[in-house]
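Worth knowing before you read on, the calculation uses all heavy atoms, side chains too, and leaves out hydrogens, waters and symmetry mates.
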Amino acid sequence: MKKIGIILGGDLPSSLVAKHGDYASILKETMRIDQHAECITWHADRGELPDDITGYDSFLIAGHPTSVNEGEGWIEGLAEFVRRAQHEMKRVAGICFGHHLVHYALGGKVEPNDQGWLMGNYAAALPTSGRPLSLISAYKEQVSEAAEGFKVIAGADWCPNYFTGRGDQFLTVQGHPEFSNDFFHDYLQTRQDRFSAELLNAAKNSTRFRNDASLVLALMNAFLLA
């Protein structure tokens with residue numbers, strides 16, 4: 001059986017946990033990785049990271065609202081962990097914050113985007129076919145310069161490095177394939193004191209359109225379990 005490390009920078013608000021379960025449970029359920037792997041959760045923001053990674057096959061770094069540029073000690077520790085995983089040839093997947101963190105750790109740049117907070121169901125495009133790839137997103141920074149060797153799987157003018165990979169070792173995405181529409185609507189409720197009603201309503205209404213989460217989840221499942 002495979003062994004996967006799920007690395008969190010924090011958990012969800014208590015109201016979301018009560019209704020949807022904790023973040024690690026959502027990731028395991030939507031990605032279906034715990035059916036074929038032993039999944040161990042680590043809280044990097046608490047200083048938790050495995051000392052010995054030889055027994056692990058892959059790692060998943062989840063989303064988190066903190067910027068990788070804030071210079072917090074646990075973020076720098078996690079960046080060093082990514083470099084160690086690279087050296088030991090472990091697979092690493094990243095979602096949103098995890099996407100940023102991987103590129104940041106390996107020499108890329110993460111900067112604020114021009115539009116401010118982007119929240120809702122947005123479509124990037126697959127360069128080979130031009131086919132749109134739509135996912136729920138919630139972010140204000142993005143990978144402005146990809147780390148060396150990464151290829152763009154999907155991108156857009158407003159986010160060129162939206163979905164990226166490097167060989168068979170890294171796979172990262174800006175959006176949240178693990179967010180269902182119901183979860184996202186409840187998530188938006190927890191942000192009413194932080195964002196305008198106009199932004200929140202537009203984000204909620206955008207979930208009526210096509211979502212390609214199942215495709216990205218399948219790709220990440222195959223990557224983590226390969």
Side-chain angles (χ1 to χ4, degrees), residues 1-12 16-17 20-68 70 72-108 110 135 139 143 146-147 149-150 153 163-179 183 213 216-226:
M1 179 176 279
K2 300 284 186 180
K3 187 175 182 180
I4 298 173
I6 297 174
I7 301 177
L8 305 181
D11 215 324
L12 304 170
L16 293 179
V17 173
H20 298 277
D22 62 22
Y23 197 6
S25 297
I26 291 172
L27 290 164
K28 287 185 284 187
E29 180 180 353
T30 55
M31 293 191 177
R32 300 180 181 175
I33 50 177
D34 59 341
Q35 298 177 14
H36 305 285
E38 177 188 6
C39 297
I40 310 296
T41 302
W42 299 87
H43 292 265
D45 58 316
R46 304 175 191 171
E48 297 178 5
L49 286 172
D51 294 322
D52 183 4
I53 65 175
T54 55
Y56 286 85
D57 296 282
S58 55
F59 294 91
L60 170 62
I61 304 175
H64 190 266
T66 299
S67 168
V68 298
E70 290 186 8
E72 295 190 22
W74 69 269
I75 293 176
E76 297 305 320
L78 185 51
E80 178 57 35
F81 178 84
V82 168
R83 293 187 284 270
R84 179 156 59 102
Q86 176 195 25
H87 178 72
E88 298 194 27
M89 299 302 294
K90 303 298 180 182
R91 290 176 178 248
V92 179
I95 294 173
C96 197
F97 169 83
H99 168 65
H100 297 170
L101 194 282
V102 166
H103 284 274
Y104 171 82
L106 301 180
V110 178
L135 291 175
Y139 66 98
V143 175
F150 277 79
I153 300 169
F163 190 14
T164 68
R166 193 172 86 179
D168 61 0
Q169 195 174 8
F170 294 100
L171 185 68
T172 70
V173 66
Q174 177 64 73
H176 284 277
E178 79 281 21
F179 282 9
F183 174 88
V216 177
L217 288 169
L219 290 171
M220 299 195 97
N221 173 286
F223 173 82
L224 291 167
L225 294 173

Exercise. Quick one: pull up CG in Asp45 and CH2 in Trp74 and give me the separation to the nearest 0.5 Å.
Key: 5.5 Å
Quiz item: For residues 217-226, which residue pairs qualify under salt bridge (charged side-chain N to carboxylate O under 4.0 Å, His left out), counting only residues two or more places apart or in two chains?
Solution: none
Practice problem: Sequence neighbours left out, what passes ring-ring contact (aromatic ring centres under 6.0 Å, His included) with Phe150? Give chain and number order. | Solution: His103, Phe170
Practice problem: Indicate the atoms forming the closest heavy-atom contact of Ala213 with Pro177, along with that distance. | Solution: CB-O, 3.4 Å
Quiz prompt | ring-ring contact (aromatic ring centres under 6.0 Å, His included) involving His20 - partner list, sequence neighbours excluded | solution = Phe183
Practice problem: Check whether any side-chain heavy atom of Ile75 sits under 4.5 Å from a side-chain heavy atom of Phe97, and report yes or no. | Solution: yes
Quiz item: Please walk me through it: do Asp57 and Lys3 pass side chain to side chain contact (heavy atoms under 4.5 Å, CB included)?
Solution: CA-CA 5 Å; Asp57 296 282; Lys3 187 175 182 180; 4.1 Å; yes
Quiz item: Closest heavy-atom contact between Gly165 and Ile153?
Solution: N-CD1, 3.9 Å
Practice problem: Check salt bridge (charged side-chain N to carboxylate O under 4.0 Å, His left out) between Glu80 and all other residues, then give those that pass, not counting sequence neighbours. | Solution: Arg83
Quiz item: How long is the gap from CZ on Arg84 to NZ on Lys90, to the nearest 0.5 Å?
Solution: 10.5 Å
Self-check item: Leu225 CG to Gln35 CD distance, which is reported to the nearest 0.5 Å
Solution: 9.5 Å
Quiz item: Quick one: ring-ring contact (aromatic ring centres under 6.0 Å, His included) partners of Phe81, sequence neighbours excluded?
Solution: Phe59
Exercise. Kindly indicate, with the supporting measurements, whether the criterion side chain to side chain contact (heavy atoms under 4.5 Å, CB included) is fulfilled by Gln169 and Val92.
Key: CA-CA 6 Å; Gln169 195 174 8; Val92 179; 5.7 Å; no
Less than 3.5 Å apart, which donor and acceptor atoms pair up between the side chains of residues 36-43 and the rest of the protein, not counting sequence neighbours?
| residue | atom | partner | partner atom | Å |
| --- | --- | --- | --- | --- |
| Trp42 | NE1 | Tyr56 | OH | 3.1 |

Self-check item: Contacts of type side-chain hydrogen bond (donor to acceptor under 3.5 Å, both in side chains), residue Tyr139, not counting sequence neighbours
Solution: none
Quiz item: Can His176 and Cys96 be said to form a side chain to side chain contact (heavy atoms under 4.5 Å, CB included), step by step?
Solution: CA-CA 7 Å; His176 284 277; Cys96 197; 3.5 Å; yes
Quiz item: Taking all atoms of both residues into account, what is the closest heavy-atom pair of Gly77 and Leu49, and its distance?
Solution: O-CD1, 3.9 Å
Self-check item: Residues in salt bridge (charged side-chain N to carboxylate O under 4.0 Å, His left out) contact with Arg166, at least two apart in sequence or another chain
Solution: none
Atom pairs and distances, donor-acceptor, side-chain atoms in residues 216-224, under 3.5 Å, two or more places apart:
| residue | atom | partner | partner atom | Å |
| --- | --- | --- | --- | --- |
| Asn221 | ND2 | Met31 | O | 2.6 |
| Asn221 | ND2 | Arg32 | O | 3.3 |

Exercise. Not counting sequence neighbours, which residues clear side-chain hydrogen bond (donor to acceptor under 3.5 Å, both in side chains) with Asp22? List them please.
Key: Ser25
Quiz item: Where the side chain of Asp11 meets the backbone of Tyr23, is there a donor-acceptor pair that is under 3.5 Å apart?
Solution: yes
Quiz prompt | Residues which pass side-chain hydrogen bond (donor to acceptor under 3.5 Å, both in side chains) with Thr30, listed by chain and number, not counting sequence neighbours | solution = none
Quiz item: For the atom pair CD1 (Ile7) and CD (Glu48), what is the distance rounded to the nearest 0.5 Å?
Solution: 10.5 Å
Exercise. In sequence, state the C-alpha distance, the side-chain angles, and the governing distance for Thr172 and Val143, and then conclude on side chain to side chain contact (heavy atoms under 4.5 Å, CB included).
Key: CA-CA 11 Å; Thr172 70; Val143 175; over 6 Å; no
Quiz item: Could you give the distance from OG (Ser67) to CG (Leu101), rounded to the nearest 0.5 Å?
Solution: 10.5 Å
Quiz item: Looking at CD of Glu178 and CD1 of Ile95, how far apart are the two atoms once the value is rounded to the nearest 0.5 Å?
Solution: 4.0 Å
Quiz item: Partners of Asp52 by salt bridge (charged side-chain N to carboxylate O under 4.0 Å, His left out), sequence neighbours excluded?
Solution: none
